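For reference, the structure discussed in these notes is given below.
Everything numeric here is computed off the predicted structure, so don't read it as measured data.
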Amino acid sequence: MTPKTLSLTSFSPSLPHQFKIPKFFNHPGRAIIICKPINSQTQQQNPPDFQPQLSVSASEPQGSGPAAPTRGDIFLERQKLLAASSLVIEKKKKKKEKKTSGSLKAATFCCYGCGAPLQILETDGPGYVEPETYELKKKHRQLKTILCGRCRLLSHGHMVTAVGGNGGYAGGKQFVTAEELREKLRHLRNEKALIVKLVDIVDFNGSFLAHVRDLAGANPIILVMTKVDLLPKGTDFNCVGDWVVEATTRKKLNVLSVHLTSSKSLVGITGVVSEIQKEKKGRDVYILGAANVGKSAFINAMLKMLSYKDPVAAMARKYKPIQSAVPGTTVGPIQINAFLGGGKVYDTPGVHLHHRQAAVVHSQDLPALAPRSRLRGQSFTKEVVLDQWVSEKMEFNSLAGFSIFWGGLVRIDILKVLPETSLTFYGPKAVKLHIVPTNKADEFYKKELGVLLTPPSGEQVEDWAGLETARQLRIKFDDTKRPACDVAISGLGWITVEPVSQTLGEPDSNLVQEAMSISLDVHVPKAVEIFVRPPLPVGKLGGEWYQYRDLTEKEEETRPKWYF
């Protein structure tokens, strides 16, 4: 573009004809003043009253003349710029809101006893805290030290259930469903974590979580057997450890190691802690298991062992998860800082299974299902039964024809056995055993349900559906010197079936050859599972008859090791 000129008549004619502007003046944002000499002819033609005119030219990047943008074009361009700037501002606002919401989520405090978010609105809901207490703790920044109202009741022995639905419980206050608790564990499949899976040795099959991979994904698993202190006196734990590894191998679940532990006596806890520290490798540790297998008790025992050398674990013990006999005490994940070098431990909600006895009884009967002391097997042989039923001696030559009630939860009709057959029951002492002739069993059950046969007890006897499921078992055996099998009742205990009682002498070979099978009818409430498994070697006699399997070199390498 040709710059506009400035004519000054007062300039001297001795000025040079070409006046060059220095480069540093050539700036697009500056006004340019250009001076030109005017010849004498032009000067003479101008009138005497001619005044010098100053013309300033600003840079016009859009161009000028016919090609210059119109006012409409300029208006549209400005509107586009405004729209673009508003989008940028909106994106920045969204990012800011996202960060704010994330910080609020992280700042949400939970009850350290059960993991429920703290709230002051629903008095019967999980995590409820009195408003005065909440505001006072919030003022002093002590919300992490609050225990909710439900946990306070549980710590004083009250039975307040919180889970209903598939695997939940029929009585008590129910805050969440079993399905909602499972959904809280789904994220484990997509995280890099170390899974510590707990199994109750008293209810091995019922609490094993056969589909644990649906929750844990491909994460490594450490298998921990809890409550081994409840096994009968004289049990050889070498045999029990081998039995657990064999059962785990049959389930085709690859684990790093197997540990036999007791959270009450701290047996085996040191080995688990060492294995966790060895395998966690910077990952978070999740304690996983069925409801009421002892996850919170295990974490408390683990923190106690760690606290001797780890000040972080010692601090975490001040606000440890609550323990109670109610399955489903934990209703949300509880984060615990347990390791000095980083990494966290999470106490997760228990997985509630519909096939356990705890899912069908009322909340007030739940404590009866939890053994409180060492198990003592109660055996039924022909001699023991006939001593109770003297008038029936002439009719019976064995246990066949009798029915055994395990509280009001299980009924076993003995159809066919050997004269020396023995049935030994292992379970909680609160659930009593009663034996009657099968032809009197129905009448006895209707009369004594809720009286001698408990649970169920109290008011729920009227709503009790009864023993709706019957499973016929035909148990074959080929060795009378060892038990034939265990019949495990999910959530209660197990029955060891011995073709010939170990306390008796050698059996009659002719009778053994005649019948190499035992027939039983087992009646349980609807949905409760019955498992037939290899016999668990418990007691002094268990170590004598248990047989170790010969392993190949490949099995020796791939088979998980067990520790006690």
Next item on the list: With sequence neighbours excluded, tell me which residues meet side chain to side chain contact (heavy atoms under 4.5 Å, CB included) with Glu122.
Entry: Gln119
Notebook entry, point to check: With Ile322, which residues qualify under side chain to side chain contact (heavy atoms under 4.5 Å, CB included), at least two apart?
Noted result: Cys151, Ser155, Thr329
State, without any angle test, whether [X] and [Y] hold a side-chain donor-acceptor pair at a distance under 3.5 Å.
X: Ser296; Y: Asp347; value: yes
X: Asp413; Y: Ser403; value: yes
X: Asp229; Y: Ser262; value: yes
X: Asp242; Y: Tyr546; value: yes
X: Asn205; Y: Glu529; value: no

So do the side chains of [X] and [Y] get within less than 4.5 Å of each other, counting heavy atoms only?
X: Leu194; Y: Ile222; answer: yes
X: Arg189; Y: Asn219; answer: no
X: Thr330; Y: Thr348; answer: no
X: Ser519; Y: Arg474; answer: yes
X: Leu423; Y: Ile414; answer: yes
X: Val524; Y: Arg471; answer: no
X: Pro534; Y: Asp486; answer: no
X: Phe564; Y: Val228; answer: yes

Do you know which two heavy atoms are closest between [X] and [Y], and how far apart they sit?
X: Cys114; Y: Arg150; result: CB-NH1, 4.3 Å
X: Leu188; Y: Leu288; result: CD1-CD1, 4.4 Å
X: Asp442; Y: Arg411; result: OD1-NH1, 2.7 Å
X: Ser457; Y: Gln364; result: O-NE2, 3.4 Å
X: Ala301; Y: Leu266; result: CB-CD2, 3.5 Å
X: Pro499; Y: Asp479; result: CG-O, 4.4 Å

Output yes when a side-chain donor or acceptor of [X] lies under 3.5 Å from a complementary backbone atom of [Y], and no otherwise.
X: Arg533; Y: Ala488; result: no
X: Lys197; Y: Leu209; result: yes
X: Thr226; Y: Val199; result: yes
X: Arg356; Y: Ile489; result: no
X: Lys295; Y: Ala290; result: yes
X: Lys184; Y: Val331; result: yes
X: Thr438; Y: Gly401; result: yes
X: Arg182; Y: Thr177; result: no
X: Asp203; Y: Gly491; result: yes
X: Ser207; Y: Val293; result: no

Check: How far apart are the C-alpha atoms of Gln460 and Asp365, what are their side-chain angles, what is the distance that settles it, and do they pass the side-chain contact (heavy atoms from CB on, under 4.5 Å) test?
Finding: CA-CA 10 Å; Gln460 71 264 16; Asp365 288 326; 2.3 Å; yes
Next item on the list: Classify the ring geometry between Phe531 and His355 as parallel (under 30°), tilted (30 to 60°) or perpendicular (over 60°).
Entry: perpendicular
Separation of [Y] [atom2] from [X] [atom1] (nearest 0.5 Å):
X: Ser517; Y: Leu418; atom1: OG; atom2: CG; result: 8.5 Å
X: Leu153; Y: Cys148; atom1: CG; atom2: SG; result: 8.5 Å
X: Leu433; Y: Gln378; atom1: CG; atom2: CD; result: 4.5 Å
X: Leu409; Y: Leu467; atom1: CG; atom2: CG; result: 8.0 Å
X: Ile269; Y: Met305; atom1: CD1; atom2: CE; result: 8.0 Å
X: Tyr426; Y: Thr496; atom1: OH; atom2: OG1; result: 5.0 Å

Note to self: Would His523 and Asp521 count as a side-chain contact (heavy atoms from CB on, under 4.5 Å) here? Give the steps.
What the structure shows: CA-CA 7 Å; His523 304 259; Asp521 274 356; 4.0 Å; yes
Does atom [atom1] ([X]) have a neighbourhood of more than 12 heavy atoms from anything else shown, all under 6.0 Å?
X: Arg374; atom1: CZ; answer: yes
X: Glu179; atom1: CD; answer: yes
X: Lys251; atom1: NZ; answer: yes
X: Arg376; atom1: CZ; answer: no

Notebook entry, point to check: Where do Lys481 and Glu544 land on the salt bridge (charged side-chain N to carboxylate O under 4.0 Å, His left out) test, with the steps shown first?
Noted result: CA-CA 10 Å; Lys481 296 182 180 179; Glu544 297 178 4; over 6 Å; no
Item checked: Pairing residues for Trp243 by the ring-ring contact (aromatic ring centres under 6.0 Å, His included) criterion, not counting sequence neighbours -> Phe204
Check: Checking ring-ring contact (aromatic ring centres under 6.0 Å, His included) against Phe405, which of Tyr445, Phe380, Phe425 comes through?
Finding: Tyr445
Item checked: ring-ring contact (aromatic ring centres under 6.0 Å, His included) partner of His259, chosen from Phe298, Trp562, Tyr563, Phe237 -> Tyr563
Notebook entry, point to check: Would Val244 and Ile201 satisfy side-chain contact (heavy atoms from CB on, under 4.5 Å), going step by step from the backbone distance to the final call?
Noted result: CA-CA 9 Å; Val244 171; Ile201 191 66; 4.1 Å; yes
Next item on the list: Among Ile299, Val285, Ile287, find the one that has a side chain to side chain contact (heavy atoms under 4.5 Å, CB included) with Ile336.
Entry: Ile299
Checklist line | Criterion side-chain contact (heavy atoms from CB on, under 4.5 Å) on Met302 and Val345, from CA distance to verdict | finding: CA-CA 10 Å; Met302 186 178 69; Val345 175; 4.0 Å; yes
